**Q** 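Here's a structure for you.
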Amino acid sequence: MTQAKTDHYTNSALKIGQVDNYPDRVAGEFISKVVSNDSVNGEYKLIVVEVHEAALRAYAGQMFHLLCPSPDSSEVWMRRPMSIYRINRDARQLEFLYKVEGRGTRGIATLNAGDEFNIAGPLGHGFTLDPQWKNIVVLGRGVGLATLAPLSQLAADNGVGVTAILSARSPDVVMSRDLFEACGAKVVTVVDTDNSSEVGNVEKILAGLIAEKKADAFFTCGSERLLKLMQRLGREHNVPGQVAMEQIMVCGIGACYVCMRTFEVNGEKVLKRVCRDGPVFNMQEAVAW
Ligand code: FES
């Protein structure tokens with residue numbers, strides 16, 4: 001029975017349809033096949049899955065809702081939204097970078113090469129590039145770097161230069177460096193262990209990039225203090241920006257309202273659902289938490 005199910009469903013789409021009222025947002029439920037699920041450092045793992053070609057419509061900043069196996073005998077399975085780390089269209093693969101900390105990610109960590117993995121998506125609004133932009137600055141910290149990583153691909157595909165400022169607690173947990181470098185980005189690493197990640201130092205780096213005209217737009221994820229810094233510099237120097245918001249989610253499709261956050265649009269406070277209206281938003285509209 002197990003073999004018959006595998007033959008029938010692996011890499012297939014169970015259901016594909018429109019999301020909400022957005023004709024351009026087609027999502028589906030897919031049975032992917034795990035290619036690998038390995039540790040990349042002491043904290044994070046990377047799961048690579050082979051998917052149906054319809055799942056490869058995903059773009060940078062979007063998410064999938066992953067059906068996490070139970071990590072123990074209680075057999076409680078749950079979906080967890082996770083942003084895409086890399087889209088490899090040639091190999092028909094998606095990659096997700098995750099930290100093993102809760103029940104869902106502990107369940108994902110139990111998957112082995114060859115296992116089936118139910119994923120639903122792509123969901124949400126991701127990053128966009130204005131054709132006028134020639135050089136962008138990407139600034140992220142911690143697992144926020146995983147969300148920003150696909151920007152390296154998007155920028156490379158559009159001939160846009162990238163300076164990536166990667167912030168982390170220590171050099172051994174800096175992530176996404178390889179992806180950015182492979183796409184030709186200039187990478188600057190700042191870490192807590194030598195205080196180079198302090199806001200004052202990051203501000204100096206950003207100010208230098210603005211002066212060199214290497215900052216047509218800002219992108220950030222993963223740190224409130226870095227978001228506030230980019231918002232301030234963006235206002236002062238008229239640099240547009242986008243932020244990928246991190247938020248607890250349940251349904252991932254706009255139905256449960258668990259992911260509501262406050263934004264400021266044209267001087268008015270408004271509530272938005274991060275999963276459906278984002279997770280990527282205009283940086284100046286985001287209200288730091
Ligand atoms: Fe349910 Fe966003 S997670 S509305």
Side-chain angles (χ1 to χ4, degrees), residues 13-32 47 49 51 54-55 57-71 76-85 87 94-108 117-128 140 142-144 146-150 219-224 227 242-265 268-289:
L14 296 183
K15 204 188 311 174
I16 297 177
Q18 194 176 303
V19 175
D20 301 320
N21 297 316
Y22 297 91
D24 57 327
R25 293 174 66 190
V26 177
E29 182 182 9
F30 306 95
I31 302 295
S32 67
I47 185 164
V49 296
V51 292
R57 289 197 191 101
Y59 63 94
Q62 286 193 296
M63 310 170 291
F64 273 83
H65 222 189
L66 313 179
L67 184 60
C68 308
S70 175
V76 177
W77 291 46
M78 59 187 76
R79 284 204 182 271
R80 284 282 176 270
M82 195 173 289
S83 57
I84 304 154
Y85 184 64
I87 306 157
L94 294 176
E95 301 180 15
F96 299 92
L97 187 71
Y98 64 101
K99 187 173 183 178
V100 183
E101 46 189 1
R103 187 177 172 78
T105 46
R106 278 192 284 120
I108 298 174
F117 191 24
N118 180 308
I119 67 173
L123 302 172
H125 293 279
F127 297 106
T128 51
V143 78
T147 304
L148 294 167
F219 294 82
T220 193
C221 181
S223 163
E224 180 188 14
L227 168 62
Q242 294 165 31
V243 57
M245 304 295 277
E246 295 177 305
Q247 184 73 342
I248 291 173
M249 296 182 192
V250 176
C251 73
I253 55 169
C256 73
Y257 288 74
V258 159
C259 63
M260 297 280 274
R261 283 188 68 147
T262 304
F263 293 80
E264 195 165 326
V265 182
E268 285 193 20
K269 295 268 196 303
V270 295
L271 289 169
K272 294 188 181 188
R273 283 165 284 183
V274 172
C275 71
R276 196 181 98 149
D277 302 317
V280 175
F281 293 91
N282 179 335
M283 183 181 291
Q284 295 300 345
E285 293 180 355
V287 175
W289 55 104

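Order of appearance sets the numbers: ligands from 1, and atoms from 1 within every ligand. Every value quoted in this text rests on a predicted model; they were computed, and no experiment measured them.
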**Q** Return the orientation label for the Phe263 and Phe281 ring planes: parallel under 30°, perpendicular over 60°, tilted otherwise.
**A**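 Geometry flag for Phe281 against Phe263: tilted rings.
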**Q** Do the non-hydrogen side-chain atoms of Lys269 and Glu264 ever get within less than 4.5 Å of each other?
**A**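 Side chain of Lys269 against side chain of Glu264, heavy atoms only: contact under 4.5 Å found.
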**Q** For ligand 1, which atoms have a heavy atom of Cys275 less than 4.0 angstrom away?
**A**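 Here the atoms of ligand 1 in question are 2 (Fe), 3 (S), 4 (S).
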**Q** Is Gln62 reaching over with its side chain to a backbone N or O of Gly124, donor-acceptor style, under 3.5 angstrom?
**A**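 At least one qualifying donor-acceptor pair exists.
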**Q** Show the atoms of ligand 1 that are less than 4.0 angstrom away from any heavy atom in Val250.
**A**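 So the answer, numbered in order with elements, is 3 (S).
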**Q** On a heavy-atom basis, which atom in Arg79 and which in His65 lie closest, and how many Å separate them?
**A**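 What the structure gives for the nearest pair is NH1-O, 2.9 Å.
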**Q** Answer yes or no: is there a side-chain heavy-atom contact under 4.5 Å between Thr262 and Leu271?
**A**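 Result yes, sub-4.5 Å side-chain heavy-atom pair found.
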**Q** Any N/O/S atom, side chain or main chain, of Cys256 closer to atom 1 (Fe) of ligand 1 than 2.8 Å?
**A**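 Within the cut-off used here (under 2.8 Å), Cys256 does place an N, O or S atom near atom 1 (Fe) of ligand 1.
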**Q** Can you name the atoms of ligand 1, numbered from 1 with element, that are less than 4.0 Å from a heavy atom of Met249?
**A**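 Listed by number with element, the hits are 3 (S).
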**Q** Counting distance only, does the side-chain N/O of Thr220 pair as donor-acceptor with the main-chain N or O of Leu227 below 3.5 Å?
**A**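 No, the answer is negative, given that no donor and acceptor are paired below the 3.5 Å cut-off.
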**Q** Distance check below 2.8 Å: does Cys259 bring an N, O or S atom to atom 2 (Fe) of ligand 1?
**A**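 So Cys259 counts as coordinating atom 2 (Fe) of ligand 1, yes.
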**Q** Please state which part of Ala255 comes within less than 4.0 Å of ligand 1, counting heavy atoms only: side chain, backbone, both or neither.
**A**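 Answer for Ala255: backbone.
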**Q** At what distance is the nearest protein heavy atom to atom 4 (S) of ligand 1, and which residue and atom is it?
**A**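 Going by distance alone, atom 4 (S) of ligand 1 is nearest to Tyr257 N, 3.1 Å.
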